[in-house]
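What follows is a set of notes on a single structure, which appears directly below.
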Amino acid sequence: MATSLTPPSQGKKSGLKPAGTLYRGREGMWSWVMHRISGVLIFFFLFVHVLDTATVRVSPEVYDAVINQYKNPVMGLGEAGLVGAVVFHALNGVRIILVDFWHKGTQHQRKLFWGVVVVWFALMVPFLVRHLTNVFTH
Amino acid sequence: MSAPEQTPGGSYAPALETPRSPYKRSRSTRPNWELHGWLFMRMSGLALIVLVFGHLFINLVQGEGIHQVDWGFVAGKWSSPFWQTWDLLMLWLAQLHGTNGVRTVINDYAERDATRFWLKMALYLATVIVLVVGTLVIFTFDPCADPTRNFDFCSAA
């Protein structure tokens with residue numbers, strides 16, 4: 001069996017390179033990639049966040065010490081990124097629901113992606129102004 | 001895998017149906033977990049938009065934002081059954097939604113059977129820990145436990 005699987009030596013002498021096999025799916029693919037990355041990021045934060053919140057049961061001092069770690073500027077930027085991931089995941093989730101349930105969803109999935117981008121900016125700009133002001137001018 | 005032997009008198013299904021015999025769809029009796037999971041992701045996702053956006057607005061946007069969050073802030077919120085219910089719903093829906101999402105990612109990228117199995121066991125263990133610890137914290141937290149902080153709602157009881 002194994003010998004029959006050896007590929008024939010075609011293409012070597014003809015000078016043809018094999019065509020790229022990387023799937024380039026434009027908006028549909030990139031929204032899927034970003035949905036995965038943001039989802040996994042949020043998952044790991046949720047794990048940490050439940051455990052840090054659990055320290056309220058240890059003592060007020062311990063909880064305040066832990067939660068104060070979230071208030072320095074570096075973590076403040078991290079929170080901005082986290083909220084950006086949450087907002088994208090939420091908006092693209094609505095896009096996925098529309099693609100699945102709306103009869104014109106697949107037809108308009110690219111426009112829906114750009115709609116996600118526009119609404120993301122519309123929500124993130126006021127949030128970032130508010131949050132970064134809180135973080136850096138306290 | 002050996003082909004079934006054709007024994008005379010045995011219950012042997014013929015490979016060829018007679019023409020125009022009605023098509024019999026074999027109906028699965030198993031619960032359709034992947035369908036339920038697919039639907040759960042969409043339903044919980046919609047609920048989480050309200051729950052998480054509300055959580056972010058109350059804790060990060062209004063008031064002093066991140067700087068207002070301390071033990072007293074949490075105590076004030078969880079003295080109300082409204083926020084206890086809110087956070088409990090958010091905890092369970094987010095954790096189950098996230099677990100199913102990461103399960104999909106593991107199934108997609110972990111190619112070896114043993115790797116896939118152990119990654120998912122670690123995932124389910126983390127899920128149980130988060131759900132048990134989170135639920136216990138929400139229900140056993142006593143904001144009046146610290147006598148140095150006299151909240152109004154503590155003296156009333």
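Note on naming: letters A, B, ... go to the chains in the order of the sequence lines (proteins, then strands), and numbering restarts at 1 for each one.
If you measure heavy-atom distances from A:Val62 to chain B, you find no contacts under 4.5 Å at all. Looking at B:Val130, both its backbone and its side chain come within 4.5 Å of chain A, counting heavy atoms on both sides. At a 4.5 Å heavy-atom cutoff, the contact between A:Val87 and chain B is made by backbone and side-chain atoms alike. Only the side chain of A:His49 comes within contact range of chain B, judged by heavy atoms closer than 4.5 Å. Proximity to chain A (any heavy atom under 4.5 Å) is shown, for B:Ile106, by neither the backbone nor the side chain. In this structure, the portion of A:Ser59 lying under 4.5 Å from any heavy atom of chain B is its backbone and not its side chain. Looking at B:Val61, both its backbone and its side chain come within 4.5 Å of chain A, counting heavy atoms on both sides. Within the 4.5 angstrom heavy-atom criterion, only side-chain atoms of B:Ile49, from C-beta onward, approach chain A. Residue B:Val105 touches chain A through both its backbone and its side chain, counting heavy-atom pairs closer than 4.5 Å. With a 4.5 Å cut-off on non-hydrogen atoms, A:Asp100 touches chain B through its side chain but not through its backbone. Heavy atoms closer than 4.5 Å to chain A are found nowhere in B:Leu131, neither backbone nor side chain. Both the backbone and the side chain of A:Tyr70 have a heavy atom closer than 4.5 Å to some heavy atom of chain B.
Taking CE of B:Met90 as the reference point, atom CG of A:Leu46 lies at 9.0 Å (rounded to 0.5 Å). In this structure, B:His97 NE2 and A:Ile42 CD1 are separated by 8.5 Å, a value rounded to the nearest 0.5 Å. Considering CD of A:Glu79 and CG of B:Asn59, their distance stands at 11.0 Å, rounded to 0.5 Å. Here B:Thr127 contributes atom OG1 and A:Phe43 contributes atom CZ; the two are 5.0 Å apart, rounded to the nearest 0.5 Å. Atoms CD1 and NE2, on A:Ile67 and B:His67 in that order, are 12.5 Å from each other to the nearest 0.5 Å. Taking CG from A:Leu98 and CZ from B:Arg42, the interatomic distance works out to 11.0 Å, rounded to the nearest 0.5 Å.
B:Gln62 CD: more than 12 foreign heavy atoms inside a 6.0 Å radius. Summarising the local packing, OH of B:Tyr109 is surrounded by more than 12 heavy atoms from other residues, nucleotides or ligands at distances under 6.0 Å. Other residues, nucleotides and ligands contribute over 12 non-hydrogen atoms within 6.0 Å of the OH atom of B:Tyr124. A 6.0 Å sphere centred on CH2 of B:Trp118 holds no more than 12 heavy atoms belonging to other residues, nucleotides or ligands. B:Trp38 CH2: more than 12 foreign heavy atoms inside a 6.0 Å radius.
Although no hydrogens or angles enter the test, the distance criterion places no donor-acceptor pair under 3.5 Å between the side chain of A:Asp64 and the main chain of B:Asp70. Side-chain atoms of A:His131 never come within 3.5 Å of backbone atoms of B:Leu60 as a donor-acceptor pair (strictly under, hydrogens ignored).
For the side-chain contact (heavy atoms from CB on, under 4.5 Å) criterion with B:Val137, the lone passing option out of A:Val50, A:Val56, A:Leu51 is A:Val56.
Taking hydrophobic clusters as Ile, Leu, Val, Met, Phe, Trp and Tyr residues chained together by side-chain heavy-atom distances below 4.5 Å, B:Ile66 does not share a cluster with A:Val74. Clustering ILVMFWY residues whenever any of their side-chain heavy atoms sit less than 4.5 angstrom apart, transitively, puts B:Ile138 in a cluster other than the one holding B:Leu136. The hydrophobic clustering, which links ILVMFWY residues whose side-chain heavy atoms are closer than 4.5 Å, places A:Val48 and B:Trp92 together. Residues B:Leu91 and B:Leu125 are members of one and the same hydrophobic cluster, defined by side-chain heavy-atom contacts under 4.5 angstrom among Ile, Leu, Val, Met, Phe, Trp and Tyr. Note: the hydrophobic cluster containing A:Val119 also contains A:Val116 (ILVMFWY, side chain heavy atoms under 4.5 Å, direct or indirect links).
A pairwise comparison of heavy atoms in B:Thr140 and A:Arg57 identifies OG1-NE, 2.7 Å as the closest pair. For the pair B:Thr104 and A:Arg36, the tightest heavy-atom approach, listed with the atom from each and the gap, is CG2-NH2, 3.7 Å. Minimum interatomic distance between B:Val133 and A:Ala54 (heavy atoms only, all atoms of both residues): CG1-CB, 3.8 Å.
Side-chain contact check for B:Val74 versus A:Tyr63: some heavy-atom pair is nearer than 4.5 Å. At least one side-chain heavy atom of A:Leu123 sits less than 4.5 Å from a side-chain heavy atom of B:Phe53.
For the options B:Gly134, B:Gly101, B:Gly63, heavy-atom pairs under 4.5 Å to chain A are most numerous at B:Gly63.
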